[in-house]
Amino acid sequence: MFYGLVILLFLGEDLGAEMGTTPNLKQIVTGRCYDYVTLVNPSFRYDCEEIWREFQEAVVRRPPCDVSVWDYRRMFRATPQALPCDRLLFWSKTRDLVHSYSAVARRFWTLEDTLVGYMFNDLIWCGQKERDRGFDFSSCPTWSTCMNHPVYSLWKQASENFAASACGNITVLLNGSIENAFNRKSMFGSVELDNLNPRMVDYVNIKVVANLEGPFIESCTHGSILELIKILRNRGFRWTCTDRDVTLMILQCIQNPRRFSCQSYSHSLLQGQAAHL
Ligand SMILES: *[C@@H]1O[C@H](CO)[C@@H](O)[C@H](O)[C@H]1NC(C)=O
Ligand SMILES: *[C@@H]1O[C@H](CO)[C@@H](O)[C@H](O)[C@H]1NC(C)=O
């Protein structure tokens with residue numbers, strides 16, 4: 001989400017043109033909520049029925065293109081969540097890698113590991129043109145045509161909360177195989193970065209990861225990452241940046257072991273020397 005997530009914007013644009021609200025939305029959202037509070041994070045206490053009610057009210061009481069962040073305030077009030085320090089993982093344009101990374105390096109939390117992120121991941125929703133007629137399951141507006149798209153507004157607020165609660169070290173995973181790896185228009189660049197609090201965050205640890213086969217376009221010393229570093233400096237953050245993180249490289253090699261650049265790893269993997277994974 002999510003997250004830092006220009007990807008989400010593009011995804012939404014593709015899907016939104018054709019599709020309406022995800023079928024069985026209520027069952028999926030409340031089911032995921034019960035899953036979360038029962039199995040995923042049983043230490044948290046939430047009222048899943050109330051969360052659904054507040055969500056539904058926010059969406060169906062408004063025109064489909066005009067659900068603002070403000071309209072979700074009661075839903076967010078029903079889902080407060082304190083997040084652990086030193087563990088938050090932000091990302092932009094590295095969707096495929098990020099979830100295997102957080103699955104392997106289990107200490108990380110992405111937005112999709114929070115209750116709200118977990119409940120609404122990959123779903124689409126909007127109300128009907130006539131208010132209070134429920135969700136529109138036949139079609140939803142595209143993101144770009146709306147002032148306040150109901151899906152965008154929810155992710156914007158969720159991202160804002162996620163970033164604002166960050167403490168200790170945070171990690172940012174950016175894609176070195178594209179131009180503008182750091183993009184001011186992405187969810188990370190437009191929402192999350194501005195909501196990080198330099199008094200609560202010790203270090204912003206940036207990891208730039210390119211595809212194994214390239215192209216190698218941006219790095220800690222090339223391109224838009226420098227702009228990110230400048231912003232961090234100006235706002236008084238301490239930061240580090242690496243573009244050769246071994247764990248990330250091994251993770252990419254596991255998905256693609258025959259690549260030339262993986263040969264040295266597969267050799268040591270065979271000898272059982274990759275214990276640091
Ligand atoms: C970088 O972005 C490209 C284009 O969106 C994508 O195909 C690739 O998987 C991404 N690379 C990584 C390491 O996430
Ligand atoms: C925070 O990041 C800094 C810089 O990378 C590192 O030296 C330190 O050990 C990290 N602290 C924690 C608690 O992870």
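Atoms within each ligand, like the ligands themselves, are counted from 1 in listed order.
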Any idea which protein heavy atom is nearest atom 12 (C) of ligand 2, and the distance to it?
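Going atom by atom, the protein heavy atom closest to atom 12 (C) of ligand 2 ends up being Asn169 ND2, 3.3 Å.
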Checking side chain to side chain contact (heavy atoms under 4.5 Å, CB included) between Lys207 and each of Thr94, Leu174, Thr171, Thr240, which is the one that passes?
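When side chain to side chain contact (heavy atoms under 4.5 Å, CB included) is applied between Lys207 and each of Thr94, Leu174, Thr171, Thr240, only Thr171 qualifies.
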With Trp109 as reference, evaluate Ile170, Leu83, Leu89, Asp86 under the side chain to side chain contact (heavy atoms under 4.5 Å, CB included) test and give the passing residue.
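Going through Ile170, Leu83, Leu89, Asp86 one by one, the side chain to side chain contact (heavy atoms under 4.5 Å, CB included) with Trp109 is satisfied by Leu83 alone.
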Between Thr94 and ligand 1, which part of the residue brings a heavy atom under 4.0 Å of the ligand: side chain, backbone, both or neither?
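Near ligand 1, Thr94 shows its backbone as well as its side chain.
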For [X], take its heavy atoms, then give the atoms of ligand 1 lying under 4.0 Å from any of them.
| X | answer |
| --- | --- |
| Asn175 | 1 (C), 2 (O), 3 (C), 8 (C), 10 (C), 11 (N), 12 (C), 14 (O) |
| Lys93 | 1 (C), 2 (O), 10 (C), 14 (O) |
| Ile178 | 2 (O) |
| Val209 | 13 (C) |

Arg95 N/O under 3.5 Å from ligand 1 N/O
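Not met; the criterion fails.
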Any N or O on Gln252 sitting closer than 3.5 Å to an N or O of ligand 1?
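No, no N or O pair falls under 3.5 Å.
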Hey, mind stepping through Asp113 and Arg107 against salt bridge (Lys or Arg N to Asp or Glu O under 4.0 Å) and telling me if it holds?
CA-CA 11 Å; Asp113 297 308; Arg107 60 198 182 86; over 6 Å; no
Show which atoms of ligand 2 fall inside a sub-4.0 Å distance from at least one heavy-atom site of Asp86.
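What qualifies from ligand 2 is 13 (C).
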Counting from 1, what ligand 2 atoms have a heavy atom of Thr240 closer than 4.0 Å?
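So the atoms of ligand 2 that pass are 4 (C), 5 (O).
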Examine Asn205 against ligand 2 and note whether any of their N/O atoms are separated by less than 3.5 Å.
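Such a contact does occur with ligand 2.
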Over 60° means perpendicular and under 30° means parallel, so tell me whether Phe55 and Phe120 are parallel, tilted or perpendicular.
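If you compare the ring of Phe55 with that of Phe120, the planes turn out tilted.
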To the nearest 0.5 Å, how far apart are CD in Glu57 and CH2 in Trp52?
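Glu57 CD to Trp52 CH2: 11.5 Å, rounded to 0.5 Å.
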Measuring from atom 13 (C) of ligand 1, which candidate in Ile217, Asn211, Leu173, Leu212 has the nearest non-hydrogen atom?
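The nearest heavy atom belongs to Asn211.
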Test item: Arg62 side-chain N/O and Val59 main-chain N/O as donor-acceptor pair under 3.5 Å:
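No, because the side chain of Arg62 does not come within donor-acceptor range (under 3.5 Å) of the backbone of Val59.
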Closer than 4.0 Å: a protein non-hydrogen atom to atom 5 (O) of ligand 2:
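Neighbour list for atom 5 (O) of ligand 2 includes protein heavy atoms (cut-off 4.0 Å).
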Would Phe90 and Phe162 count as a ring pair (Phe, Tyr, Trp, His ring centres under 6.0 Å) here? Give the steps.
CA-CA 9 Å; Phe90 297 80; Phe162 185 68; 5.1 Å; yes
How far apart are the C-alpha atoms of Glu227 and Lys230, what are their side-chain angles, what is the distance that settles it, and do they pass the salt bridge (Lys or Arg N to Asp or Glu O under 4.0 Å) test?
CA-CA 5 Å; Glu227 192 195 326; Lys230 198 168 119 198; over 6 Å; no
Do Thr242 and Asp245 meet the criterion of a side-chain donor-acceptor pair at a distance under 3.5 Å?
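Judged by distance alone, the side chains do not pair up.
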